[in-house]
J.: 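Following this message is one structure expressed as structure tokens.
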Number of protein chains: 2
Amino acid sequence: MSIKGIFPIDKWDFKSRSVLAGLPDGDLEMLMANQTEKVYKLSEVIFWEGAYPSGIFYIKEGKVKKYKLDKDGREHIIYVANAGELLGYHAILSEDRYPDSAAALEETRIAFIPKEDFLKTLQHSGVLNGRLLKNLSHEFAVLANSLSMFAKSSVRERLALQLIILREKYKVNFQPGMPVAINMSRDDLASLVGTARENVVRLLSDLKEEKIVETKGRTITVLDVQKLIKIAGYK
Amino acid sequence: MSIKGIFPIDKWDFKSRSVLAGLPDGDLEMLMANQTEKVYKLSEVIFWEGAYPSGIFYIKEGKVKKYKLDKDGREHIIYVANAGELLGYHAILSEDRYPDSAAALEETRIAFIPKEDFLKTLQHSGVLNGRLLKNLSHEFAVLANSLSMFAKSSVRERLALQLIILREKYKVNFQPGMPVAINMSRDDLASLVGTARENVVRLLSDLKEEKIVETKGRTITVLDVQKLIKIAGYK
DNA sequence: AAATAAAATTGATAAATATCACTTTTTGGA
DNA sequence: TCCAAAAAGTGATATTTATCAATTTTATTT
């Protein structure tokens, strides 16, 4: 929760699911040679859709939303990224501009790695290459799943699915067995689900009556994941 | 249109946008050493979601739909792949099962490349590695775009967008300036747009009245792309 | 080319979702 | 701790989309 300041590279606690976990020391050093660190405040923008990428971002601590703006200027969250993940490398790999924007969902500590270092390391490191391919393939599958979900399912089903996913993301650092508290604005949640805030509010209060979640202020506590899974319609 | 039979490797006409275009000869030969070719009939399944991948597929000629089935057994197309594209490599890269199914949208000629050859070539070829990363990044951006589109836009907007995209895919081999004919069942189109067939039919007849498209049998001819772009709400 | 099956289309209606106007609650700064 | 300001919640209503039942058109087979 609390962000204490600048950490040296050797203090990084790579989560096991980090893209960079287990990368050879040499590769890691090359990649991190010129990293700079910054703490982003809630809602602070990390990069804008359409901008030319000058490097990639590694989330050391916190959470980040990736989103796109529609023609009416409304925000649509397409992904919530967690500590241990890399941001903005798609744009560099596809030699294009950022396809989406990114902003902090809470106070978030991020390392910036210049484009040149990233590309140099990538060229040098077969491991990093493979890691990114694997990561991208996975992200792709997740996204394809969301897409097919969006294509034909009710808002209630989509909300259930997003709560399941968010629960996983907010679970980090919590005890097993303990219910997970999701801290997210109704607007952001609605944007993630792809509906209006009012609908999310109404559906959440249904879920509350059904004893599936509990809410207190803006935090949502998942009481019964199994029922959520059933609602989301996952086999 | 017509499929003439088995082509030897050196006869392959790689389209410029093929993932394999410009791959060093050695790498290409290693990749293709044990390829086998098959012609798939309309609607014939190439691989099933959930199956373990034993290799990858290269589309030599034709078109393929990638889709997922929802809990009611209904099909949702997430992507239409064209000649020159590779299929099924995501699953191998992410060391998992196929995240979606694939089936031919027309008579389609496809080369099968065994998993071992693919992985061996990938390990050996930095170029292929980079090419796949770039390709995946691109596909990812396209998918992210569709997702944000789904999240908040009317069926009419989504239909317009899909017609624009399909027009590009069906444009291959046609003269510039000549209107492009899209040959696709209303069911498949509805699945791609994420709605019911009836809605697609109604919206198409609106577009017809507005002189934006023309239909004859199952083929849809795009007369005015600019208006479609306007409808889709793209800046 | 006729017969049959499959796909496309149309109209009526039901259901889901969005929007608007407003009240209440929560949150973050003075 | 109190006070704005922002966010969350509620009810009424409009709009969009889905579904059902039927008919017409197109494609396929003999």
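The model shown is predicted, which means the values in this text are computed figures rather than measured ones. Excluded from the calculations below are hydrogen atoms, water molecules and symmetry mates; all remaining heavy atoms, backbone and side chain alike, are included. Within every chain, numbering begins at 1; the chains are lettered A, B, ... in the order of the sequence lines, protein sequences first and strands thereafter.
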J.: How many Å lie between CD on E157(B) and C1' on dT15(D), as a whole number?
T.: 14 Å
J.: Atom CG of L42(A) and atom P of dG29(C): how far apart are they, to the nearest Å?
T.: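 So the two atoms are 10 Å apart, to the nearest Å.
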J.: Counting only distance, no hydrogens or angles, is the base of dG9(D) paired donor-acceptor with the side chain of R186(A) under 3.5 Å?
T.: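 Flag unset: no donor-acceptor pair detected.
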J.: Can you measure R218(B) atom CZ to dT28(D) atom P for me and round it to whole angstrom units?
T.: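 To the nearest whole Å, that distance equals 8 Å.
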J.: Can you tell which of dA8(D), dT17(C), dT19(C) lies closest to the side chain of V155(A)?
T.: dT17(C)
J.: Between K65(A) and Y40(A), is NZ or CZ placed under 6.0 angstrom from the six-membered ring centre and within 45° of the ring axis?
T.: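 No; the conditions do not both hold, so K65(A) does not lie above the ring face of Y40(A).
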J.: Within 45° of the six-membered ring axis of Y170(B) and under 6.0 Å from that ring's centre, is NZ or CZ of K63(B) located there?
T.: yes
J.: Check this for me: does any side-chain nitrogen of one of K60(A) and E37(A) sit under 4.0 Å from a carboxylate oxygen of the other?
T.: yes
J.: Would you say dG9(D) has OP1 or OP2 under 4.0 Å from some side-chain N or O of S205(A)?
T.: no
J.: Rounded to whole Å, how long is the line connecting atom CZ of R158(B) with atom P of dT17(C)?
T.: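 My rounded result for the distance is 12 Å.
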J.: Of the listed nucleotides (dG9(D), dA8(C), dT17(D)), which one gets closest to any side-chain atom of S185(B)?
T.: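 In terms of side-chain proximity for S185(B), the closest of dG9(D), dA8(C), dT17(D) is dA8(C).
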J.: Going by modelled atom types, is there a donor-acceptor pair between the base of dT19(C) and the side chain of R202(A) at under 3.5 Å?
T.: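 Side chain to base: pair found, below 3.5 Å.
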J.: Start at the 5' end of DNA chain C and walk down; is the nucleotide closest to G217(A) or to T195(A) reached first?
T.: T195(A)
J.: Figure out the CG/C1' separation between D206(A) and dG9(D), and round it to whole Å.
T.: 13 Å
J.: Whole Å only: how far is the CG atom of L189(B) from the P atom of dT9(C)?
T.: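 Answer to the nearest Å: 11 Å.
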J.: Please determine whether a side-chain nitrogen or oxygen atom of N199(B) lies at a distance below 4.0 Å from atom OP1 or OP2 of dA18(D).
T.: yes
J.: To the nearest Å, how far apart are E198(A) CD and dA12(D) C1'?
T.: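 To the nearest whole Å, that distance equals 12 Å.
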J.: Where each residue is assigned the nucleotide of DNA chain C containing its nearest heavy atom, which of R197(B) and G194(A) is assigned the position nearer the 5′ end?
T.: R197(B)
J.: In terms of relative ring orientation, are F140(A) and F140(B) parallel, tilted or perpendicular, with 30° and 60° separating the classes?
T.: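 Plane angle between 30° and 60°, so tilted.
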J.: Strictly below 4.0 Å, N to O, side chains only: are R156(A) and E210(A) in salt-bridge contact?
T.: yes
J.: Tell me the interatomic distance from M184(B), atom CE, to dA8(C), atom C1', rounded to whole angstroms.
T.: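 Result: 16 Å.
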